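Presented below is the structure to which this report refers.
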Amino acid sequence: MDLEKLLTDRLAPAFETVAGVPVDPVVRRSQRADFQSDAALALARRLGRPPRAIAAAVLDRAELADLCAAAEVSGPGFLNLTIAERALGGLVSALATDPRLGVPETAVPETVVVDYSAPNVAKEMHVGHLRSTVIGDAAARLLEWLGHRVVRANHLGDWGTPFGMLIEHLVDLGEAEATQELSMGDLDSFYKTARAKFDTDEGFRERSRRRVVALQGGDEATLRLWRLLVEQSERYFLTVYDLLDVTLTERDFHGESSYNDLLAPLVADLDRLGLLRRSDGAACVFPPGQVGRDGEPLPLIVRKSDGGYGYPATDLAAIRHRTGTLGATRLLYVVGLPQRRHFEMVYAAAAQAGWLVPPARAEHVGFGSILGPDGRMLRSRAGESVKLVGLLEEAVARATALARERNPELGEAEAAEVGRAVGIGAVKYADLSSDRHKDYVLDWERMLSLDGNTAPYLQYAYSRIRSIFRRAGVAARPDAGISLAEPAERALAFELVGFGTVVAEVERSLEFHHLAAYLHRLAAAFSAFYERCPVLRADGPVRESRLVLCELTARVLRQGLYLLGIRAPGRM
RNA sequence: GCGCCCGUAGCUCAGCGGAUAGAGCAGGGGACUUCUAAUCCCAAGGCCGCAGGUUCGAAUCCUGCCGGGCGCACCA
């Protein structure tokens, strides 16, 4: 139970008595006191009474004695509330014995599909893939922790016309050579060479076209070559996920091709449902309310005029599979915001077909684009994309060097481990700590920064706490009394008891920058506490109390970092 | 043309109906014989794109404009 809610529950009845109708007391944190309630001002006109008088009347009737050390009317009619040390200490004690740190498991567990990462076979993962992968992984971790059944779906781009040219290029290179190149993770040059031949060599282009037909026709020899490409790419992607500390595994690859057999029946069913219209030779669904450039209804092309299927068909098949076969009720698509319209249309069509009906619903967890220095979207085609592993390796190298420099006591192995946790954490945090809806300009230095509001700041706070316990050689006693005489102790306590509120908010919004901001506030509160409040050199009950605060801070930091997909080394 | 997103400190970003708009970086000044200075403390830095409107109260909500990005039929 968080303090906003506790205070709201106490103030609401008093407001209702004074106003004669239910009123939200509008409780929030305040710089002037611990909390303030703003509702009296809004009520003044309606009640025809001065706001200060209303606030005073509410104070008279509210049961606050056990919670608040002070409660007073202030300014034009704010209620300023100061929490009693005993009440705050009680909440801290409750947290200390709560294995879930104030975050209850969900009362209504659901099956949730999180569709994320989705790299393309035989194409390099560039920084653009970072966002989907990192945000999606955080969503999966969070929902799982809350008690939902999470299905991770890595919607691999493993099908379509480019595979004709990719397979022909593989044939040209020879299987051994191609496998070698791909297993080294040199996907970019493989793809680009194939592309270049396709663009310049008429014969190659013709072979590629025939190869696509063979692939789609199920030619066994072609399929074998295709599988080679897919397997090598998957192997490579798994090494990136491993480096990134992402929870995706080989079991989570559900490529576009896995829906191939479902596409023809899907279109037939859409036809049977009367949703299909033929337009310029293509089979289309026209979801209501979607209008294109010329004001005409916008089609979702489920079968192209050449008889092939595009990604709308695959996405529809995936929805049908996820709600039908998997029994999912919440579908998350962690995909860039530019594709918003596409998904709106797919969801609308799926709803019309009866494949996405309440309680099942789909959410586009969209994110802004990564821009180049010119302020325009980074395009892999123009060759301006930045290889993801390059960024990650640089991050690890810098962090490892810093770890060695800052703490010579670390052994070589431990420095490497810390460097990895810090470097990767910094890159992920740089992404997760800003509002996912916004575009951002790719700034190599910003992504690699290890100062300020970054993952290492949080990790450092955590490792300092672990260091205290290593030295103390004791554990915190969760039943110790909590004393909060120092302002820094109070400030830390307020942050600690707020974890549940933040997690609940992020569960709803899937905006992880709120969690990142919270963890930064917590770490900052701890750092200030650490400077001013000695733990091991304190005596008796104060020492016991501070050990509990430390232990709780460490647990919340570790759990919060875990939810963001960031490791918390015990030593830095 | 229509739709969606975005303009906040020199830079990168929070805040999205409440009192004096907050962090970090960069730059200035301090603090390590004391649990790790990857830290802390202090000072400085703002017509919250512009103009109207709603409100007791607007960076926050509404409208219009300006500027930037993205999307709008067979590539995914």
Side-chain angles (χ1 to χ4, degrees), chain A residues 26 28 30-32 36 38-39 41-45 51 74-78 80 118 120 155 157 159-162 256 279-284 290-296 298-306 308-312 314-315 336-342 344 366 368-369 371 375-377 399 402-403 405-407 409 418 422 430 433-435 437-441 443 445-446 449-454 456-457 459-461 463-472 513-514 516-517 520-521 523-524 526-538 546 550 571-572:
Chain A
V26 197
R28 56 196 67 207
S30 167
Q31 294 101 346
R32 310 211 167 197
Q36 64 184 51
D38 301 345
L41 280 77
L43 246 38
R45 170 166 295 221
S74 165
F78 298 105
N80 283 354
N120 294 311
H155 198 73
W159 201 251
T161 47
E256 292 167 340
S279 174
D280 292 345
C284 307
Q290 297 288 347
V291 177
R293 193 192 299 276
D294 42 17
E296 296 295 304
L298 203 56
L300 189 68
I301 297 174
V302 292
R303 194 181 56 223
K304 299 184 286 184
S305 52
D306 67 1
Y309 302 99
Y311 81 143
T314 315
D315 282 333
L337 246 12
Q339 298 202 51
R340 182 177 167 140
R341 171 96 82 119
H342 163 72
E344 278 174 5
S369 309
L371 310 178
R376 304 183 69 87
M377 267 176 80
L402 189 65
E405 178 194 321
R406 294 294 161 93
N407 192 347
E409 290 173 22
V418 169
V422 169
S433 60
S434 71
D435 186 338
H437 298 99
K438 293 195 178 182
D439 296 349
Y440 67 80
V441 176
D443 180 343
E445 290 306 320
R446 184 181 79 92
S449 168
L450 304 177
D451 294 314
N453 183 5
T454 61
Y457 181 81
Q459 291 167 320
Y460 184 61
S463 71
R464 277 172 140 184
I465 300 172
R466 296 269 46 104
S467 175
I468 288 176
F469 285 107
R470 267 196 307 276
R471 282 181 182 274
H513 71 287
H514 293 304
H520 181 257
R521 278 200 309 276
F526 173 77
S527 297
F529 161 85
Y530 183 89
E531 298 284 336
R532 293 185 194 84
C533 304
V535 178
L536 298 181
R537 280 180 288 111
R546 288 179 180 172
C550 285
R571 196 195 301 262
M572 277 174 74

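Note that the structure is a prediction, hence the values are computed from the model and not measured.
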- What is the distance from CG of A/Leu43 to P of B/G17, rounded to the nearest Å? 19 Å
- If pairing requires Watson-Crick or G-U wobble contacts with both distances under 3.5 Å, which nucleotide is the partner of B/C40? B/G30
- Has A/Phe78 got its ring stacked on the base of B/G18, with centres under 5.5 Å and planes less than 30° apart? no
- Taking the side chain of A/Arg471 as its heavy atoms from C-beta onward, which of B/U36, B/C40, B/A38 lies nearest to it? B/U36
- Within the structure, does a side-chain N or O atom of A/His155 lie under 4.0 Å from either OP1 or OP2 of B/A76? no
- Task: Examine the base of B/A76 for any acceptor or donor lying under 3.5 Å from a partner atom in the side chain of A/Thr314, and report the outcome as yes or no.
- Result: no
- Task: Select one nucleotide: of B/C56, B/C13, B/A73, the one nearest the side-chain heavy atoms of A/Ile301.
- Result: B/A73
- Message: Just so I know, are the side chains of A/Pro76 and A/Leu41 near enough to count as touching, which here means a heavy-atom distance under 4.5 Å?
- Response: yes
- Message: Is it the case that the base of B/A19 and the side chain of A/Asn80 share a donor-acceptor contact (distance under 3.5 Å, atom types as modelled)?
- Response: yes
- Query: What nucleotide among B/G69, B/A73, B/G22 has an atom nearest to a side-chain atom of A/Pro299?
  - Reply: B/A73
- Query: Which part of the nucleic acid, if any, lies within contact of A/Ser369, taking any heavy atom under 4.0 Å across all strands shown: a base, the sugar-phosphate backbone alone, or nothing?
  - Reply: nothing
- Message: Applying a 4.0 Å non-hydrogen cut-off, can you work out what A/Ala403 is touching in the nucleic acid: base, sugar-phosphate, or nothing?
- Response: base
- Item | Proximity to the side chain of A/Asp280 - top-ranked nucleotide from B/U36, B/A73, B/C40 | B/A73
- Task: Please state whether the phosphate of B/A38, meaning OP1 or OP2, lies under 4.0 angstrom from any side-chain nitrogen or oxygen of A/Arg406.
- Result: yes
- Please tell me which of the listed nucleotides, B/C41, B/A76, B/A14, lies nearest to the side chain of A/Gln339? B/A76
- When you get a sec, tell me which of B/C56, B/G69, B/C40 is the closest nucleotide to the side chain of A/Ser527? B/C40
- Query: Do A/Asn407 and A/Met572 come close enough that some side-chain heavy atom pair is under 4.5 Å?
  - Reply: no
- Query: Is the shortest side-chain N/O distance from A/His513 to OP1 or OP2 of B/G15 below 4.0 Å?
  - Reply: yes
- Query: Where the side chain of A/Leu298 is defined as all heavy atoms beyond and including C-beta, which of B/U36, B/A23, B/C72 is the nearest nucleotide?
  - Reply: B/C72
- Query: For the base of B/A38, is there a side-chain donor-acceptor partner from A/Tyr460 under 3.5 Å away?
  - Reply: no
- Item | A/Leu371 CG to B/U12 C1', straight-line distance once rounded to whole Å | 14 Å
- Message: Taking the six-membered ring of A/Phe526 as reference, does the cationic atom of A/Arg464 (NZ for Lys, CZ for Arg) lie under 6.0 Å from its centre and within 45° of its axis?
- Response: no
- Any donor-acceptor pair under 3.5 Å joining the side chain of A/Thr161 to the base of B/A76? no
- How do A/Ala523 and A/Arg537 order along RNA chain B: which one's closest nucleotide is nearer the 5' end? A/Arg537
- Of the listed B/G15, B/C70, B/U36, the closest approach to the A/Pro338 side chain comes from B/C70
- Item | Distance, rounded to the nearest Å, where A/Tyr457 contributes OH and B/A37 contributes C1' | 12 Å
- Task: Could you label the plane-to-plane angle of the A/His520 and A/Tyr457 rings as parallel, tilted or perpendicular, counting under 30° as parallel and over 60° as perpendicular?
- Result: tilted
- Message: Any donor-acceptor pair, under 3.5 Å, between the side chain of A/Glu405 and the base of B/A38, if you only look at N and O atoms?
- Response: no
- Minimum heavy-atom distance A/Val418-A/Arg571, with the two atoms named: CG2-O, 3.3 Å
- Of all the nucleotides listed (B/C13, B/A19, B/A38), which has the minimum atom distance to the side chain of A/Ser74? B/A19
- Would you name the heavy atoms of A/His437 and A/Leu337 that are closest together and state the gap between them? O-CD2, 3.4 Å
- Note on the structure: Of the listed B/U12, B/A76, B/G18, the closest approach to the A/Arg446 side chain comes from B/U12
- Message: How many whole angstroms separate atom CZ of A/Phe526 from atom P of B/C40?
- Response: 11 Å
- Is the phosphate of B/U36, meaning OP1 or OP2, less than 4.0 Å from a side-chain N or O of A/Arg464? no
- Task: Establish, with yes or no, whether the OP1 or OP2 oxygen of B/G18 is under 4.0 angstrom from a side-chain nitrogen or oxygen of A/Arg28.
- Result: yes
- State the syn/anti category of B/C32 according to its glycosidic angle, syn meaning within 90° of 0. syn
- Any side-chain N or O of A/Lys438 under 4.0 Å from OP1/OP2 of B/A14? yes
- Specify the residue among A/Tyr311 and A/Arg340 whose closest nucleotide of RNA chain B lies further upstream toward the 5′ end. A/Arg340
- Under 4.0 angstrom, heavy atoms only, what part of the nucleic acid is A/Asp439 near: base, sugar-phosphate, or nothing? sugar-phosphate
- Compare side-chain N and O positions of A/Arg546 against OP1 and OP2 of B/C35 and report whether any pair is under 4.0 Å apart. no
